[in-house]
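Ligands are counted one by one from 1 in listed order, and the atoms in each one are counted from 1 as well. Since we're looking at a predicted model, the values are computed, not measured. Quick note: residue numbers are just sequence positions, from 1.
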Amino acid sequence: MTNNRKASLLLIYTGGTIGMKVNPEDGTLHPFDFSQILDEVPELGKFAYRLDSFSFDPIIDSSDVEPAIWQDLARIIKDNYDSYDGFVVLHGTDTMAYSASALSFILENLAKPVIFTGSQLPIGEARTDGKENLISAVEIAASLDVQGHPRVPEVCIFFDNKLMRGNRTTKYSSDNFNAFSSPNLAPLAEAGITIRYNDGIIRKPSEWNVPLKINLNLDTRVGILKIHPGITPEVVGDVLCGNSTRAVILETYGSGNAPSKSWFLDVVHRAAQSKILLNVTQCFSGAVDMGIYSNGKALQNAGVVSGQDLTTESALAKLFHLMGNCSDNKEVKRLIQENLRGEI
Ligand code: ASP
């Protein structure tokens with residue numbers, strides 16, 4: 001802190017493993033009363049911050065997350081935006097990368113930190129990773145730069161000593177403490193003895209005092225088709241040509257390749273007349289470049305749009321957001337290729 005004013009943070013608990021503790025009577029896990037967070041993590045009291053908490057009711061396992069939860073989260077942040085310097089969102093790990101991606105698009109003109117975190121082991125367990133994650137997330141959310149502005153005014157995930165841009169992350173381990181990865185962008189910060197910020201890649205707003213806007217329009221008519229050897233014309237036809245989707249994310253091989261058989265390209269071509277087809281790689285890291293191989297070029301010629309190095313989570317959230325705000329598919333196809341929140 002460069003001034004003496006106490007930083008104030010709002011901790012928002014949505015649910016997930018982090019908020020559980022063991023019932024000593026029967027050994028089962030149950031959620032603790034989040035308003036008592038300082039009793040559970042007394043270390044937080046060592047910071048000279050004002051920490052307030054808000055708990056969703058009911059709290060949820062994040063595998064039950066729906067866009068309505070993102071809209072609620074956005075409203076809570078908007079309603080409290082002027083009263084706090086930053087926000088820490090405690091969230092289950094299963095869909096944290098989706099929620100952080102979605103919030104990055106829903107929150108416009110964000111100039112304060114929104115740091116998602118959670119844990120693999122409940123906070124009430126001896127070996128929990130939840131305390132480390134929460135304590136560092138809180139410190140990061142309160143951190144200011146030399147001008148006195150928030151150091152990380154972005155939607156991020158903090159997990160296992162790494163601060164990552166939320167819309168670049170993916171959950172990649174169901175049992176390691178380092179459960180999240182940002183395969184195409186270096187961490188925004190790393191926590192060791194000190195927290196080392198990678199200031200060169202942290203996004204800052206062009207103006208600090210523009211009011212936060214929340215854009216809650218989401219069109220969820222998106223399907224995902226993972227290309228695989230042996231995929232049949234029926235499966236491809238059902239997913240690409242069904243009436244329930246306006247866009248389909250194609251998870252393709254390598255740099256954006258898919259079968260070159262004429263039945264496949266015919267279906268893709270037909271679907272692309274009326275739908276948005278977005279190509280993302282099923283590789284863990286790297287980007288789509290449909291200009292490298294003839295199989296990729298054929299997809300491009302059939303009308304498929306490149307998702308560049310978007311994660312699937314981010315591609316989904318970005319489509320929900322763009323389609324929710326734009327009825328013209330051509331315009332959505334143009335905007336999906338623009339870097340809106342550092343997601344590309
Ligand atoms: N199923 C839990 C959730 O996502 C797992 C976790 O929190 O890590 O809510």
Filter on salt bridge (Lys or Arg N to Asp or Glu O under 4.0 Å), then keep only pairs touching residues 68-80, sequence neighbours left out; what's left? Asp72-Arg75

Who else is in the cluster with Phe177 when I, L, V, M, F, W and Y are joined by side-chain contacts under 4.5 Å? Leu121

Does a side chain donor of either Tyr253 or Asn295 reach within less than 3.5 Å of an acceptor in the other side chain? no

Indicate yes or no for a side-chain donor-acceptor contact from Glu154 to the backbone of Val152 under 3.5 Å, with no hydrogens or angles considered. no

For ligand 1, protein residues within the heavy-atom limit of under 4.0 Å are Gly16, Thr17, Asp61, Ser62, Gly92, Thr93, Asp94, Ser119

Within 45° cone and under 6.0 Å: Lys112 NZ/CZ vs Tyr81 ring: yes

For Met290, enumerate each residue passing the side chain to side chain contact (heavy atoms under 4.5 Å, CB included) test, keeping only those at least two apart in sequence or located in another chain. Asn279, Val288, Leu299, Gln300, Val304, Ser306

